[in-house]
Amino acid sequence: MSAHAPAVQSPYENTGVPDGKLAIWLFLASEVMLFGTLFTSYIVLRTAAASWPRGWDVLNVPLATFNTFILIASSVTIVMAHAKAAARDKKGFMLNMGLTVLMAFVFLVVKYFEYSSKFAHGHYPSTSIFYGIYFTTTGLHGIHILGGIAWNLGLMWWANRDGWDDRLFIGRVEYAGLYWHFVDVVWIFLFPALYLL
Amino acid sequence: MSEHAHGHEEHSFWRTYVFSVDHKVIGLQYLITSLLFLLFGFTLVLLMRWQLAFPGQPLPLLGRLLSPEAAPGGVIGPMFYNQLGAMHGTIMVFLGIVPLAVGAFGNYVMPLQIGAPDMAFPRMNMMSYWVYLPGGLLMLLSFLLPGGAAQSGWTSYPPLSVINPGQTMWLVSMVFLITSSLLGSLNFIVTILNMRAPGMTLGRMPVFVWAQFVTAFLLLLAFPPLEAASILQLMDRVFHTSFYMPAGLVIGGQTTPWTGGGQSLLWQHLFWFLAHPEVYVLVLPPMGIVAEIIAVNTRKPLFGYKELVGSMAFIGVMSFVVWAHHMFLSGMSTTLSNFFLVTTMIISVPSVAVLTCLILSLKGASIRFTTPMLFALAFLPLFGIGGLTGLPLGLTVTDIYLHDTYYVIGHFHYVVVTGSLIALFAGTYHWFPKWFGRKLDDRLGKIHFWGTTVAMNGIFLPMFIIGMQGQSRRLYDPTAHLHNLVGQPMHVVSTVSAFVLLIFQLPFIYNFFNSIFNGEKVDSNPWKATTLEWQCPSPPPHGNFASVPRVHRGPYEYSDPAHKDDWLPQDAEKAVAPV
Amino acid sequence: MVKALENYGWFLPVQASDFAADIDRGLIIIHWAMALIFVLWGIFFVYLLVRYRHRDGHKVERSHMSLAVSMTPDVAVLGFEILLIAVYAVPSWSRMKITVPPAEGAVQVELMAEQFNWSARYPGKDGKFGRTAPDQVDFTNPFGIVAEDPAGADDVVAVNEMRFPVDETVLVKLTSKDVIHSFFIPEFRVKQDAVPGMALPVWFKPNRVGEYELTCAQLCGVGHAIMRADVKVEDRASFDAWLASKKAAEHADAATPAAVEQW
Amino acid sequence: MSDHDDAQSHVKLYWMIGAALFALTIATVGVSKVHLVHPWGLIVGLAIATLKAGLVAAIFMHLKWESRFIYYFLGVTLAAVIILFAIPIWDFEYLRPLFVEHADVAAQGHEAAAHPPVHGAEAPASSHP
């Protein structure tokens, strides 16, 4: 690809990377540390635990696999939404972003069923160290998905008002996409860690 | 939310002074709030010092005011003492020094020094203050809760912190503070990278800006692990998960609701993974402040700009691999201690290098002993003592004896109090003219300086002696142990010096608030300094510089023979030959 | 107990174990080095302040000392530290904390820290500790020694009191019942956190008869300050006599019905 | 802005990556169903997950065409994460023999009290040393 022309026409000395992109990548770096700590704790507590249930026995793996498909699909649709926004196709953008939000919502609904079935069987976070980690990590991930839904809905609402032609709009769609892909990457690691290995 | 131009529409009182997006107003908000938190944290320690020097004797004045269960009959109870200890540590570190060094000085001075009109994200900057303030107030609120405030030390080691009352509110407000610091560090890094005045390459940035840049990275990468660890501890406390609770706990004779399987050492690893970079966050900006003040008052370029910045960056990197020297005796694997012994000794080298560069900047200079320079000069030997006393603590063998004794308390107070806090006082005297257009009174300043330095040494030097005698830290009543009796007079010396220190803060407080309105008026560059913040009016208007400044040279061009006066501002076109 | 007061002076307490001399040598070497560094830098610092203070007619020299020369103190400090690590720290640390002495030759003690008590258990004649179980734990039986295990019958339990024979390596298995405590005897220069859920070995060889004090160095709650135990080092004979008397006193308590509440 | 015309031309690429991710998810579930011998199951599972994460990061997050500053940040973050992983895990691996094995006894006791054992039998209570 061509060398990066300074995307930012600003009178100030800068790195050629727009402020928003620097900020979102730094924020993702801190999120990497946050989830990295949860994974370290998971590995440490698992190796130190006397016994660790197999994912297949205690958790509903097919449902989780479906959930993974949903999240990957939503990653694809949000990157399409960014492509459509760049191509100035508002209808395409709204469709794709709507799909992303819908699939994220479906992901949470599936999560709700999973949690309620666990509670029904009397498995609470306090039941054992496995459930503690399961509920904490998936819960924190779920909160990040809620954040993503709010961000994407905000963008759609802003696009309908005067945001569509704002010079920052396409950038902000890209940053929402980066955040969403990161949440997907966290699930890509969380899914095998809790359910499969 | 489109970006409106930097027009000067008239904002209401609320938008200008309270919910302002101007980095200068936010800097002052941080300044006032953190100074008040520092004062409050200091009063907590006065109560503790009274109990340490005269165990069991009722407080003279305040005794009746304290609640009966906290201080029965005016005598501070052990539970309230532990609350004071934990909250003193937390308030001073997370609510006092870091917001002062990063929030106040960083927010106000750094954008001016790089010639920027404001921070890269003004609204996020405002948000970081308005997330910090509720976090701080929640921390203070925890005193009034039924169980009382947090009482398992500012390090809150489980299982004690999970079974003790008061820790939940501490964890919740910690999440607020961490979020505020993350927002702040994001803003700093993007501003420093993308909003430097044209001509200001990274090699021409002042040392203070470099210190803030490294500090922002430490905050960004080290704080989230503590946030995750706090979430785990919150789950342990509220939902009885047992991340940090090992199996078979018997507390007060009964088995506990925790099913076990957790590891208490996990918290210590995650906490110190943050807390060591955190103590370098406490020390790096003050080092930057001292470097600026020494350059201005010696009228000479700093010695070894590259070495100074290189050492700070190296400290920043190394601070991620030294954390477990706090855990040599905590049950961590002893072979791992050897690894951390080596990394701790490696990180002591850049600290010595920074001190060497600052001291050698005095050679061949023309030193002016203004009040900020007095504080900056006092920083050098006192921070030196702090650094040197770190040697026996960093060495695994001598740490066996000195770990968790008063020697440790003496060490880190010499680094933070006579190090960072004295440097932050220096910064306040140095940049006060830029903030308010008026100077702090020099006579009161000198009284404050001599009184503070002498009193601080009076508090912390005896701690080394008590530590050598083997007195453990965080003891409610040291006289309960025979081997501590010999150190009791030392406690009295410390307590008296602590009250003297309080008395010597009064001239500073009076001087600070009085000079805002009727201090001696000064022009925009009273110290005749070369860095950009002194080339704009004080206090700088919204948008700081009338036109975007263009930088032509390094930050410390003093005593240049080719120029008429002994300082050449960074944005001056070219040197004017002396007439 | 007053006799114990003369163990403590202005500087380090008396050396009462073989590690003490080793640690004190390290402390003294480092503090002399620190004093030397501080004084040298202090003198140079004051000289600079006086020599280069602002006064009329005094010109600023723009030239700086060469970097190599300026870095000699740093290199010296680093060299001293590397020497210290290689010669002193690593070998002593491995002797004090890594290589656990063989259990046979040592006096074995199991020490259980709990909120605000130290309970010590000696294996008694058979040299074996009886089995314990958490559900047996109660006030009279802090370790939860299972009654039917013969090995536990002759175990001696002492609360807030520890005795060691002089000149014999003591191997303590340190654990905690509830929170993190820290086993610290200043005169022996030995310290180790007692972590619940972990049994950490601590070993030392007392080499001076006398009365010392065990204190808790890690904040463990409201009673952290009063959590102490008396430590007495005596010759082998009186140590065995003490064990026997302790065992006898225990039988006496067990016999009286008041000690066992059951309904 | 210039790099946005790249976004359009990549639509086809995004669909391919999406399909690849689906396939890899099926693969990882399949592999775990097969119960490989201890170390291999872990290694293969992690390899697939890292591959998927790499695809998302490189293509979807445009990391392939990113400026060097972002690589610097991510490099520093990666180093911090590696330190955060390596040292605690190495420490607890070393500490394993020092653990007092109350875990299963207490868990079993609690399990039985809370509700009838639902899943596979716990490891028998190992005797306390």
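Because the structure is a prediction, the values reported are computed rather than measured. Letters A, B, ... mirror the listed sequences (proteins, then strands); counts begin at 1.
- Comparing Gly394(B), Pro301(B), Ser152(B), Gly153(B) by heavy-atom pairs within less than 4.5 Å of chain C, the highest count is held by Pro301(B).
- Residues that satisfy the side chain to side chain contact (heavy atoms under 4.5 Å, CB included) test with Phe38(C), not counting sequence neighbours, are Pro381(B), Ile385(B), Leu388(B).
- At least one side-chain heavy atom of Trp93(C) sits less than 4.5 Å from a side-chain heavy atom of Ile400(B).
- Heavy-atom pairs under 4.5 Å with chain C peak, among Thr356(B), Leu355(B), Ile367(B), at Ile367(B).
- Side-chain polar atoms of Gln469(B) and Tyr406(B) form no donor-acceptor pair below 3.5 angstrom.
- Put simply, of Asp22(C), Leu174(C), Ile37(C), Ile23(C), the one with the most heavy-atom pairs under 4.5 Å next to chain B is Ile23(C).
- No side-chain donor-acceptor contact under 3.5 Å links Lys177(C) and Gln115(C).
- Using cut-offs of 30° and 60° on the angle between ring planes, the pair His58(C) and Tyr52(C) is tilted.
- Looking only at distances, no side-chain donor or acceptor of Ser156(B) sits under 3.5 Å from a matching main-chain atom of Ser161(B).
- With hydrogens and angles left out, the side-chain atoms of Gln488(B) and Thr479(B) include no donor and acceptor closer than 3.5 Å.
- Per-residue heavy-atom pair counts under 4.5 Å with chain B were compared for Ser182(C), Gly26(C), Ser92(C), Gly221(C), and the maximum is reached by Gly221(C).
- By a heavy-atom distance cut of under 4.5 Å, Phe11(C), Leu12(C), Pro13(C) are the residues of residues 11-19 of chain C near chain B, going up by number.
- For the options Asp193(C), Ile82(C), Leu200(C), Ile180(C), heavy-atom pairs under 4.5 Å to chain B are most numerous at Asp193(C).
- Contact count against chain C (heavy-atom pairs under 4.5 Å) is highest for Pro159(B) among Gly77(B), Gly85(B), Pro159(B).
- The greatest number of non-hydrogen atom pairs below 4.5 Å with chain B, out of Val222(C), Val75(C), Ile226(C), is found for Val222(C).
- Phe303(B) and His64(C) have their aromatic ring centers within a separation under 6.0 angstrom.
- Aromatic ring pairs are classed by plane angle as parallel below 30°, tilted from 30° to 60° and perpendicular above 60°; the pair Tyr558(B) and Tyr556(B) is parallel.
- Of the listed residues Gly262(B), Pro78(B), Pro392(B), the one with more heavy-atom pairs under 4.5 angstrom with chain C than any other is Pro392(B).
- Interface check for chain B: of the options Ile85(C), Val195(C), Leu78(C), the most heavy-atom pairs under 4.5 Å are formed by Ile85(C).
- In this pair, Tyr407(B) and His31(C) present their aromatic rings perpendicular. The plane angle is above 60°, beyond the 30 to 60° band.
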